[in-house]
Amino acid sequence: MCKQGFMNSSIRKVEVVAHNPDWRRLFVVEADAIAKILGLNLVEIYHIGSTSIPTIYAKLIIDLLAAVKDIENVDRKNMAMADLGYEAMGEFGIGDRRFFRKDNAAGKRTHHVHIFPADSPQISRHLAFRDYLLAHPNEAQQYSQLKRKLAQNHPNDIDSYMDGKDEFIKNIDRKALNSDRN
């Protein structure tokens, strides 16, 4: 298992591409559909991951992060999420998370949904990472270059790609946490 929790996923092709301005619209469409499913349990839904940062290369996967009042209530929405094309993965390596993934008709991954209780530190961590890279374009470009290099070096090994980003992500997490304290 790689550090990010993507078990047995080594066969997925790793491809990163230049930012597509349409990713924001695709996020909004998906967020609206998910918001209807989560209903009054939803506190907020955010666009995270590299597709939310307009200046960097990204895998062609829209990452959504939802904050909810009651994480257990999300389990009762698995069938509705399946109707949207999502596979429920449970916690998938991160406690108090509900993770869903969606593939298109060709079997290519298109979306990830990470759902946490509204008070989860995971929410602030993900948002701090995104916001830090938005505010620090040089480091965002370093991340983009790292992703491109890893995708080139590991085109058929998503675990090695993810593991290769791990130290950079932890470093940015530390910087983002310290910048929040200042």
Side-chain angles (χ1 to χ4, degrees), residues 4-7 9 11-134 140 143-144 147 151 158 161-162 165 169 176:
Q4 309 310 91
F6 291 91
M7 299 169 58
S9 55
I11 57 172
R12 282 197 19 234
K13 177 148 177 56
V14 180
E15 179 182 11
V16 295
V17 298
H19 184 79
N20 179 343
D22 201 37
W23 288 340
R24 177 71 187 156
R25 183 190 63 78
L26 295 172
F27 160 76
V28 169
V29 167
E30 208 69 13
D32 287 347
I34 292 166
K36 287 180 178 117
I37 289 171
L38 296 176
L40 295 176
N41 192 30
L42 180 67
V43 174
E44 188 66 61
I45 192 160
Y46 305 95
H47 188 185
I48 62 166
S50 295
T51 61
S52 70
I53 303 168
T55 60
I56 69 172
Y57 274 63
K59 292 192 317 291
L60 299 166
I61 299 172
I62 306 295
D63 281 287
L64 299 97
L65 184 147
V68 296
K69 297 171 190 168
D70 179 3
I71 196 68
E72 301 297 326
N73 183 273
V74 174
D75 296 330
R76 294 189 283 278
K77 305 298 183 178
N78 287 350
M79 290 303 296
M81 290 293 286
D83 290 344
L84 274 184
Y86 284 95
E87 177 184 11
M89 303 300 295
E91 289 186 335
F92 204 57
I94 299 176
D96 273 342
R97 171 178 77 162
R98 298 302 181 268
F99 179 70
F100 297 85
R101 61 188 184 191
K102 181 178 187 177
D103 295 348
N104 64 16
K108 194 167 193 171
R109 185 74 31 87
T110 60
H111 296 80
H112 289 155
V113 179
H114 312 261
I115 305 177
F116 291 98
D119 62 353
S120 171
Q122 289 289 340
I123 294 171
S124 54
R125 184 186 69 79
H126 281 285
L127 296 177
F129 181 86
R130 178 199 66 191
D131 294 347
Y132 184 89
L133 289 182
L134 286 168
Y143 186 47
S144 185
K147 291 162 61 77
I158 190 69
Y161 170 83
M162 299 298 289
K165 298 188 315 175
I169 290 170

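It should be emphasised that the depicted structure is a prediction, and the values quoted were computed from it without experimental measurement. In this chain, numbering begins with 1 at the start of the sequence shown.
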With a 4.5 Å heavy-atom cut-off, do [X] and [Y] have their side chains touching?
| X | Y | value |
| --- | --- | --- |
| Leu134 | Ile53 | yes |
| Tyr161 | Val16 | yes |
| Ile45 | Leu38 | no |
| Arg76 | Asp70 | yes |
| Met81 | Ile34 | yes |
| Phe100 | Leu64 | no |

Inter-residue atom distance [X].[atom1] - [Y].[atom2], 0.5 Å rounding:
| X | Y | atom1 | atom2 | value |
| --- | --- | --- | --- | --- |
| Leu60 | Lys13 | CG | NZ | 11.0 Å |
| Ile115 | Gln122 | CD1 | CD | 14.0 Å |
| Ile37 | Leu84 | CD1 | CG | 4.0 Å |
| Phe116 | Asp96 | CZ | CG | 8.5 Å |

How far apart are the C-alpha atoms of Thr51 and Phe27, what are their side-chain angles, what is the distance that settles it, and do they pass the side-chain contact (heavy atoms from CB on, under 4.5 Å) test? CA-CA 9 Å; Thr51 61; Phe27 160 76; over 6 Å; no
Which heavy atom in [X] sits nearest to a heavy atom in [Y], and how many Å separate them?
| X | Y | value |
| --- | --- | --- |
| Ala67 | Leu42 | O-CD1, 3.5 Å |
| Ala176 | Ala128 | CB-O, 3.6 Å |
| Val68 | Val43 | C-CG2, 4.0 Å |
| Tyr86 | Val113 | CE2-CG2, 3.5 Å |
| Ser50 | Lys147 | OG-NZ, 3.0 Å |

Mark yes or no for whether [X], through its side chain, and [Y], through its backbone, hold a donor-acceptor pair below 3.5 Å.
| X | Y | answer |
| --- | --- | --- |
| Asp63 | Ile48 | no |
| Arg97 | Phe92 | yes |
| Ser124 | Pro121 | yes |
| Arg98 | Asn78 | no |

In terms of relative ring orientation, are Trp23 and His19 parallel, tilted or perpendicular, with 30° and 60° separating the classes?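 Perpendicular, since the angle between the ring planes exceeds 60°.
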Parallel, tilted or perpendicular: rings of His112 and Phe99 (30°, 60°):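 Phe99 and His112: tilted rings.
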Could you check Lys59, Lys108, Arg109 and say which one makes a salt bridge (Lys or Arg N to Asp or Glu O under 4.0 Å) with Glu15?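 Exactly one option meets the salt bridge (Lys or Arg N to Asp or Glu O under 4.0 Å) with Glu15, and it is Lys108.
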The single option from Arg24, Arg25, Lys102 passing salt bridge (Lys or Arg N to Asp or Glu O under 4.0 Å) against Glu30: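 Exactly one candidate clears the test, Lys102.
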Do the two ring centres, one from Tyr143 and one from Phe129, sit under 6.0 Å apart?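 So the answer is yes for these two rings.
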